[in-house]
Protein chains: 2
Amino acid sequence: MTGDSCLDNTVHPEKICQARQEMPSDEILRDMTELFKVLADETRMRIISALTSCELCVCDLASLIESSQSAVSHQLRILRQARLVKYRREGRNAYYALDDEHIETIAHFARNHVQEAFHRE
Amino acid sequence: MTGDSCLDNTVHPEKICQARQEMPSDEILRDMTELFKVLADETRMRIISALTSCELCVCDLASLIESSQSAVSHQLRILRQARLVKYRREGRNAYYALDDEHIETIAHFARNHVQEAFHRE
DNA sequence: TCGACGTATGAACAGTTGTTCATACGTCGA
DNA sequence: TCGACGTATGAACAACTGTTCATACGTCGA
């Protein structure tokens with residue numbers, strides 16, 4: 001598990017000490033990672049991008065992002081569990097919408113980053 | 001691949017049309033997903049969090065996040081390829097630092113999100 | 001020049017994840 | 001009430017990913 005060199009006698013103890021204090025707790029770190037895991041799938045990113053403009057039903061989403069109804073439904077479940085989307089049923093349809101404005105912000109910054117890093121104009 | 005119902009005759013054609021126009025391009029969407037994939041690992045998130053406070057060498061990082069030197073080095077490679085960290089060599093040491101201020105911003109918002117969503121005060 | 005050190009990396013393995021397929025469930029129109 | 005529809009979900013399989021282990025490489029001190 002632990003590295004086999006630099007055991008106790010690390011190179012920059014003061015820096016490590018400082019960095020350790022400023023780091024988020026294990027729990028927060030785990031939750032942040034979980035959040036990014038949810039965002040780290042193209043199908044789910046497409047769903048989130050689609051829902052940025054308006055509420056949509058599963059059927060619309062599947063058609064829009066060119067994926068199967070089953071795949072979309074599975075991914076919506078994950079988004080729901082992560083509380084990134086909410087939904088309401090209306091007859092046979094289930095309408096999904098973003099549940100959190102943070103996600104739009106995060107997606108926005110991610111878009112900025114990739115545009116500047118890889119698609120610089 | 002494509003859903004087997006709601007084929008051409010989708011439920012809300014206008015909404016779909018609007019949503020489609022506002023969606024990022026396939027390329028941007030792919031790059032955004034790639035970015036989140038890189039962030040979607042606890043070891044890498046720990047590395048990024050650690051580097052937020054200051055530049056650190058591999059040895060420091062391994063000790064700080066309690067992971068093996070090999071694991072850290074492998075993950076740093078991925079972070080390097082994603083241009084999220086930069087490094088400089090000084091003698092036998094390799095010093096890593098964040099390469100992009102966007103990442104700190106994204107991590108910041110992610111932290112806010114999980115704190116509000118799961119650790120509400 | 002030789003050995004210890006810090007770092008990088010390939011191979012292999014285990015664990016995880018996303019899709020498809022089949023099917024089940026609730027709702028609505030006829 | 002029955003069939004079509006929109007949606008949800010379990011099982012199975014393939015693809016991907018992160019760690020460990022072994023080892024290689026360059027640098028520095030003796």
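Residue numbers begin at 1 in each chain, while the letters A, B, ... track the order of the sequences. The figures that follow rest on heavy atoms only: side chains count, while hydrogens, waters and symmetry mates do not.
Using bins of under 30°, 30° to 60° and over 60° for the plane-to-plane angle, the ring pair H113(B)/H102(A) lands in the perpendicular bin.
Rounding to the nearest 0.5 Å places CZ of R44(B) at 10.5 Å from CG of L76(B). With rounding to the nearest 0.5 Å, the separation of NE2 in H108(B) from CZ in F109(A) is 9.5 Å.
In this structure, I78(A) atom CD1 and dT19(C) atom P are separated by 8 Å, rounded to whole Å. The distance between atom CG of L61(B) and atom C1' of dT7(C), rounded to the nearest whole Å, is 12 Å. The separation between L79(A) atom CG and dG18(C) atom P is 10 Å, rounded to whole Å. Rounded to an integer number of Å, the gap from CD of E66(A) to P of dT20(C) is 13 Å. Atoms CG (L76(A)) and P (dA8(D)) sit 7 Å apart, rounded to a whole Å.
Between E34(A) and R30(A) no salt bridge is recorded (no basic side-chain N to carboxylate O distance below 4.0 Å). Using a 4.0 Å cut-off between charged nitrogen and carboxylate oxygen, R46(B) and D26(A) count as a salt-bridge pair.
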### Intra- and interstrand pairs of DNA chain C - dot-bracket, Watson-Crick/G-U under 3.5 Å, | marks other strand
||||||||||||||||||||||||||||||
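Of all heavy-atom pairs between R92(B) and R89(B), the closest is O-NH2, 3.6 Å. Across all non-hydrogen atoms, the minimal contact from I28(B) to Q115(A) is CD1-CG, 3.4 Å. The heavy-atom pair separating M45(A) from L39(A) by the smallest distance is CG-O, 3.2 Å.
Of the residues in residues 32-56 of chain B, not one comes within less than 4.0 Å of DNA chain C through any heavy atom. Residues of residues 91-99 of chain A having a heavy atom closer than 4.0 Å to DNA chain D, listed by number: R92(A), N93(A), A94(A), Y96(A).
At the phosphate of dT19(C), OP1 or OP2 sits under 4.0 Å from a side-chain N or O atom of Q75(A).
Residues satisfying the side chain to side chain donor-acceptor pair (under 3.5 Å) test with D41(B), not counting sequence neighbours, are none.
The side-chain heavy atoms of V58(B) and Y87(B), taken from C-beta on, include no pair separated by under 4.5 Å. A heavy-atom distance below 4.5 Å is found between the side chains of L35(A) and L84(A).
S73(B) contributes no side-chain N or O that, together with a main-chain N or O of Q69(B), makes up a donor-acceptor pair within less than 3.5 Å.
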Any N/O pairs under 3.5 Å between the protein and nucleotides 9-12 of chain C? List them or say none.
residue: dT9(C); atom: OP2; partner: R77(B); partner atom: NE; Å: 3.3
residue: dT9(C); atom: O4; partner: S70(B); partner atom: OG; Å: 2.8
residue: dG10(C); atom: O6; partner: H74(B); partner atom: NE2; Å: 2.9

Pairs under 3.5 angstrom only: tabulate donor-acceptor contacts from the side chains of residues 50-57 of chain A to other protein residues two or more places apart or in another chain.
residue: T52(A); atom: OG1; partner: I48(A); partner atom: O; Å: 2.9
residue: T52(A); atom: OG1; partner: S49(A); partner atom: O; Å: 3.4
residue: S53(A); atom: OG; partner: A50(A); partner atom: O; Å: 3.2
residue: E55(A); atom: OE1; partner: R88(A); partner atom: NH2; Å: 2.8
residue: E55(A); atom: OE2; partner: R88(A); partner atom: NE; Å: 2.8
residue: E55(A); atom: OE2; partner: R88(A); partner atom: NH2; Å: 3.4

